[in-house]
Amino acid sequence: MMKKVFWLSKSKIMSGQQCEKRLWLETHRRELAEVSGTTQMTFDYGHMFGDVARSVIGEGALIEHVDNIGLAISETTKLLRAERLLFEPAFTHQNVLSRADGLQRVWGGWNMIEAKASTSVKDYYLDDCAVQAWVLTGAGVKVRKVTLAFVNNRFLYRGKSNYQGLLNYEDITAQVFERVPMVEQWVARLRKVLGGKEPAINVGTQCGTPYACPFTAYCQSKEPAPAEHPVGILPRSGEIVERMAALGIDDLRDVPPAALKNALHHRIRQAHISGRSYLDPEAGQALSKLGWPRYYLDFETIAFPVPIWKGTRPYQQVPFQWSCHHETKSGNLFHTAFLDTSGHAPMKDFASSLIKAVGKRGPVFVYNQAFEAARIKELAQMLPAMREPLLAIVDRLVDLLPITREHYYHPDMRGSFSIKAVLPTVAPDLDYENLEHVQDGGMAQQAWLEAVSDATPEERKTELSQGLLDYCERDTLAMVRLADFLQGGNW
DNA sequence: TCGCACAGAGCAATTAATTC
DNA sequence: GAATTAATTGCTCTGTGCGA
């Protein structure tokens, strides 16, 4: 009887990048992944990247049969004799299965190519490659070289489907071969884990780094409920959490004041002890110095590992939507918006409409200035004719995030100063939860992708566009309300 | 998945204070 | 004034939190 082959594309589990419990759960309690329902941000760019990466690497034979490993293995064996370049070849060794991204014939053997849609060589890729190299070697393939192909984020797409230059290559043979002798132990350890009871491993950083584990909610449900005001809600609290845990303190309210060095931590602790929010009147003073009219601005963007629009780069955040609230001195509020779901390059229309919308004077409020400022500067670079008016907007940006962080805190923010955490405490009627289709930036990207797709019916496109417009408008209205709140206003 | 900004840590270089 | 020590400043690196 054929033994069960276990799928170890998840070699990060083997090498300790993610915990053994995940492997155990994936094998024994697969259905739990669906129950836990993580909200990880993922795009299905995988095959787009794969197709383009293969075309850049060279012409070769692609072995498909994703769902039929037996067929994939027999086809690999057959093609290995004839071909110089194979994509997705399948091999097993000691019942461990591996599918390398590419296998290229070189002098005296093969170059194993691993393609990653990432812009740098991460340590855990080396472990991943070590497992694959071990399987290939065990299956009789002479691995002479291991190459990592990854995204060159300086590549500028000049159109016409020409992606030469999209990938960087790094020879990682030495690092991988150094790890290969350890793989045998990793496999043995995991076999033991799989044969035993559910491993007792507590929830920790391994649940989200480097990859989100789908079982986190399940593991959390098995652990005692955390403190109502855990020390960990302090921003950048890693070191303090450890220090306090050693003293048996897990509740922020029990932390001795002397243990906290920075003023923000003190303010947060104090707010959780008193149960009351904190608002420093200086926020209002700082804001009241700014003139009128006032604009409140927010962008939505999309980014692809493989750029699709001429003049853009991999992972460049290309803005396709803006929302702007315009507030006059007398308190009148007007809303304007731009949204491009045509699927064509949105940059030009985005920029020209934006310039019109924000006028020539008055502060332009944003939340986390770095983001909008960087997008406008990129547009200025791409569109020389609009360079000056665009850069003039950058000079007028006022960031509400640092003002909020320095002068305001509410215990319900649980240590976070993101607009999504702040808004419910200053304008509960504007909760994002009551938006139907789009509730955060990640969902906005998903909605946009669906809206531009040819496969999406018109009715659904209209619904998604409305969802995007509602969401982005909510973001800028949130800023209006926040600025007013910080100035002591009342709605 | 990206990148930016910033806090904090660790270390090196510089400046100030102390001692002879 | 020189040598030593202490305090301060400045730099790089890493991790976190923000945005999408």
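All heavy atoms count here, side chains included; hydrogens, waters and symmetry mates do not. A quick note: this is a predicted structure, and the numbers were derived from the prediction, not measured. Here is how names work: the chains are called A, B, and so on, in the same order as the sequence lines, proteins then strands, and each is numbered from 1.
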Check ion pair A:E372-A:R375 (N to O, under 4.0 angstrom): no
Least distance between heavy atoms, A:C324 atom then A:Y295 atom: SG-CD2, 3.8 Å
Tell me the interatomic distance from [X], atom [atom1], to [N], atom [atom2], rounded to whole angstroms.
{"X": "A:F49", "N": "B:dC2", "atom1": "CZ", "atom2": "C1'", "answer": "14 Å"}
{"X": "A:Q316", "N": "B:dT1", "atom1": "CD", "atom2": "C1'", "answer": "15 Å"}
{"X": "A:Y124", "N": "B:dT1", "atom1": "OH", "atom2": "P", "answer": "5 Å"}
{"X": "A:L166", "N": "B:dC2", "atom1": "CG", "atom2": "P", "answer": "13 Å"}
{"X": "A:K377", "N": "B:dG3", "atom1": "NZ", "atom2": "P", "answer": "16 Å"}
{"X": "A:Q445", "N": "B:dG3", "atom1": "CD", "atom2": "C1'", "answer": "13 Å"}
{"X": "A:R243", "N": "B:dA9", "atom1": "CZ", "atom2": "C1'", "answer": "13 Å"}
{"X": "A:I302", "N": "B:dG3", "atom1": "CD1", "atom2": "C1'", "answer": "16 Å"}

Counting any heavy atom closer than 4.0 Å, what does [X] reach on the DNA or RNA strands: base, sugar-phosphate only, or nothing?
{"X": "A:N153", "result": "sugar-phosphate"}
{"X": "A:D399", "result": "nothing"}
{"X": "A:Y471", "result": "sugar-phosphate"}

When you measure from the side chain of A:D399 to the backbone of A:Y367, do you find a donor-acceptor pair of N or O atoms at a distance under 3.5 Å? no
Would you kindly compare A:F371 and A:H265 by the position of their nearest DNA chain B nucleotide and give the one closer to the 5′ end? A:F371
Between B:dC2, C:dA20, B:dA5, which nucleotide gets closest to the side-chain atoms of A:T119? B:dC2
What's the closest nucleotide to the A:L401 side chain, out of C:dC18, C:dA20, B:dC2? C:dC18
Any [X] side-chain nitrogen or oxygen under 4.0 Å from OP1 or OP2 of [N]:
{"X": "A:Y367", "N": "C:dA20", "value": "no"}
{"X": "A:S118", "N": "B:dT1", "value": "no"}
{"X": "A:K122", "N": "B:dC2", "value": "yes"}

So which protein nitrogen or oxygen atoms get under 3.5 Å of nucleotides 14-17 of chain C's nitrogens or oxygens?
from: C:dG15; atom 1: N2; to: A:R236; atom 2: NH1; distance (Å): 2.3
from: C:dT16; atom 1: O2; to: A:R236; atom 2: NH1; distance (Å): 3.1
from: C:dT16; atom 1: O2; to: A:R236; atom 2: NH2; distance (Å): 3.2
from: C:dG17; atom 1: OP1; to: A:R236; atom 2: N; distance (Å): 2.8

Would you kindly check whether a donor in the side chain of A:E300 faces an acceptor in the base of C:dA20, or vice versa, at under 3.5 angstrom? no
Could you list the residues that satisfy salt bridge (Lys or Arg N to Asp or Glu O under 4.0 Å) with A:R179, not counting sequence neighbours? A:D123, A:D127
Quick one: salt bridge (Lys or Arg N to Asp or Glu O under 4.0 Å) partners of A:K420, sequence neighbours excluded? A:D475
Hey, mind stepping through A:Y296 and A:F365 against ring-ring contact (aromatic ring centres under 6.0 Å, His included) and telling me if it holds? CA-CA 5 Å; A:Y296 301 82; A:F365 290 98; 5.0 Å; yes
Please confirm whether the ring centroid of A:F299 lies under 6.0 Å from the ring centroid of A:F350. yes
With ring-ring contact (aromatic ring centres under 6.0 Å, His included) as the test, would you mind laying out the steps for A:F150 and A:Y125 before giving the verdict? CA-CA 11 Å; A:F150 58 106; A:Y125 297 164; 8.5 Å; no
